[in-house]
Amino acid sequence: MAINAVHTITLLEEIPTDGHSPMKFLCNDDQVYYCKYRSSHSLNKQEIDFLVYEIICHYLLRKLDIPTPEIALVTILKDSFDPTQLHINKKYAKPGVVCFGSKELTGSNLVSGLELVNTKYEFNKYLNPDDLIRIAFFDLWTANTDRGRNENFNLLTRNHFDGIQINAFDHAFAFHGQRGLRTFNVQWPLETRDNLARTMYFKSIIHYIPEQDRVSIAEKIVNCAAEEIESTIDDAFAQLPEEWAIPDGLK
């Protein structure tokens with residue numbers, strides 16, 4: 001397991017969001033990445049942890065065979081952008097900074113709250129509807145606080161020749177999000193707000209999955225989640241760039 005390392009060639013755009021406002025860069029591997037660093041909305045240096053959360057969740061999702069975009073460590077080069085192009089990221093996006101990058105899935109679409117599956121025919125177009133149950137469990141397991149808030153599911157659908165594949169992305173606010181930075185308390189309850197399982201999109205799809213099958217999917221993922229967690233996290237931490245100065249206690 002090795003995180004790809006690339007550097008920026010051209011800034012395509014800055015995408016304003018209420019979170020990290022990723023920078024969309026073309027990189028030297030001829031791929032486009034959505035690049036995140038620190039949020040300019042906060043002076044909290046610990047927010048660098050969000051990039052670690054992204055990497056950990058990426059590899060945990062891969063262990064669970066849940067589709068998610070490829071990632072990279074992206075180094076910003078001096079001549080790859082005009083500082084006037086950046087508004088939200090201008091404070092931290094400097095030459096030499098190493099960002100977390102999520103590779104663009106060409107031909108994909110962001111899932112919105114308006115997308116409901118109303119017929120069995122529409123349901124049958126999906127290649128991996130069972131993964132919605134896995135993703136909903138994953139969010140509970142990792143205390144992800146950002147899948148369903150304001151109809152933002154952080155899900156992508158991508159058309160393949162034989163159907164539609166669901167992909168999960170953007171896990172910066174896992175592990176209790178901003179209120180859980182460098183804090184762990186076993187007494188904290190499950191994060192059920194803004195959970196995928198509460199959305200009409202989720203319900204419209206699993207409606208066509210028999211109840212016993214839903215239980216079986218959940219049981220299998222519970223058993224799978226209990227395996228190889230420590231080694232996966234160890235591998236992720238071993239690849240973090242020194243520039244992020246992550247404290248040993250975070251792991």
Side-chain angles (χ1 to χ4, degrees), residues 17-20 22 34 36 47 49-69 71 100 102 105 108-113 115-117 126-158 165-181 183-207 209 211 213-229 232-233 236 250:
T17 68
D18 59 359
H20 281 84
Y34 294 90
K36 297 179 181 179
E47 285 197 356
D49 294 2
F50 292 146
L51 309 185
V52 181
Y53 298 169
E54 286 274 24
I55 292 173
I56 290 172
C57 286
H58 170 83
Y59 284 113
L60 290 175
L61 286 165
R62 287 293 174 95
K63 283 288 184 183
L64 298 173
D65 293 322
I66 296 172
T68 187
I71 65 173
F100 166 83
S102 180
L105 282 180
S108 63
N109 296 292
L110 192 64
V111 174
S112 74
E115 294 183 49
L116 300 180
V117 174
Y126 282 86
L127 299 173
N128 59 329
D130 293 1
D131 279 338
L132 274 187
I133 297 174
R134 297 183 181 92
I135 294 167
F137 172 83
F138 178 85
D139 289 345
L140 289 171
W141 180 44
T142 60
N144 184 19
T145 61
D146 193 22
R147 183 145 21 230
R149 180 166 52 94
N150 298 326
E151 302 296 333
N152 175 28
F153 301 149
N154 289 327
L155 295 174
L156 295 169
T157 53
R158 190 181 191 189
Q165 184 189 60
I166 300 168
N167 287 259
F169 76 103
D170 194 351
H171 301 94
F173 293 157
F175 308 111
H176 295 281
Q178 290 170 305
R179 78 180 182 91
L181 283 170
T183 303
F184 178 77
N185 188 333
V186 295
Q187 300 302 320
W188 281 353
L190 287 174
E191 291 280 357
T192 57
R193 295 174 304 150
D194 302 323
N195 184 266
L196 178 63
R198 291 178 175 265
T199 67
M200 292 304 299
Y201 174 72
F202 176 87
K203 293 174 183 178
S204 74
I205 289 181
I206 69 159
H207 169 74
I209 301 175
E211 185 173 348
D213 290 350
R214 300 178 213 166
V215 173
S216 177
I217 293 165
E219 288 176 342
K220 287 179 181 178
I221 197 170
V222 167
N223 293 331
C224 181
E227 301 173 359
E228 301 183 31
I229 298 171
T232 301
I233 293 174
L250 182 63

Take D213 and I133 through the side chain to side chain contact (heavy atoms under 4.5 Å, CB included) test and state the conclusion after the steps. CA-CA 10 Å; D213 290 350; I133 297 174; over 6 Å; no

Pair H58, F100 - check side chain to side chain contact (heavy atoms under 4.5 Å, CB included), show working. CA-CA 11 Å; H58 170 83; F100 166 83; 5.6 Å; no

Test side chain to side chain contact (heavy atoms under 4.5 Å, CB included) on Y59 and I55; report intermediate values, then the result. CA-CA 7 Å; Y59 284 113; I55 292 173; 3.9 Å; yes

Would D170 and E54 count as a side chain to side chain contact (heavy atoms under 4.5 Å, CB included) here? Give the steps. CA-CA 7 Å; D170 194 351; E54 286 274 24; 3.4 Å; yes

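Heavy atoms of other residues, nucleotides or ligands lying less than 6.0 angstrom from CZ of R214 number more than 12.
Counting heavy atoms from C-beta on, the side chains of N167 and R158 come closer than 4.5 Å. Side-chain contact between H207 and V117: absent, with no pair of heavy atoms (C-beta onward) separated by less than 4.5 Å. Between D49 and Y53, the closest side-chain pair of non-hydrogen atoms falls below 4.5 Å. Between R147 and I135 there is a side-chain heavy-atom pair separated by less than 4.5 Å. The side-chain heavy atoms of N144 and L196, taken from C-beta on, include no pair separated by under 4.5 Å. For the pair F50 and K36, the minimum side-chain heavy-atom distance is 4.5 Å or more. Residues L110 and L156 meet the side-chain proximity criterion, which asks for heavy atoms closer than 4.5 Å.
Classification of the Y201-F153 ring pair by plane angle, with boundaries at 30° and 60°, yields parallel. Classification of the F138-W141 ring pair by plane angle, with boundaries at 30° and 60°, yields perpendicular.
Taking NE2 of H176 as the start and CG of N185 as the end, the distance is 8.0 Å to the nearest 0.5 Å. Rounding to the nearest 0.5 Å gives a distance of 11.5 Å between CE of M200 and CD1 of I205. Here the CG-OG1 distance, from N195 to T145, works out to 11.0 Å after rounding to the nearest 0.5 Å. With rounding to the nearest 0.5 angstrom, the CG atom of D131 is 9.5 Å from the CG atom of L64. Within the model, atoms CG of L132 and NZ of K203 stand 13.5 Å from one another, a figure rounded to the nearest 0.5 Å. For the atom pair S112 OG and L155 CG, the distance stands at 11.0 Å (nearest 0.5 Å).
At distances below 3.5 Å, at least one donor-acceptor pair connects side-chain atoms of T68 with backbone N or O atoms of A168. Although no hydrogens or angles enter the test, the distance criterion places no donor-acceptor pair under 3.5 Å between the side chain of N128 and the main chain of Q165. Remark: the backbone N or O of I221 is not paired with any side-chain donor or acceptor of R134 at under 3.5 angstrom.
For the side chain to side chain contact (heavy atoms under 4.5 Å, CB included) with H171, the lone residue among D146, N154, L61, I56 that qualifies is L61.
Applying the salt bridge (charged side-chain N to carboxylate O under 4.0 Å, His left out) test to D130 and every residue at least two apart in sequence or in another chain returns nothing.
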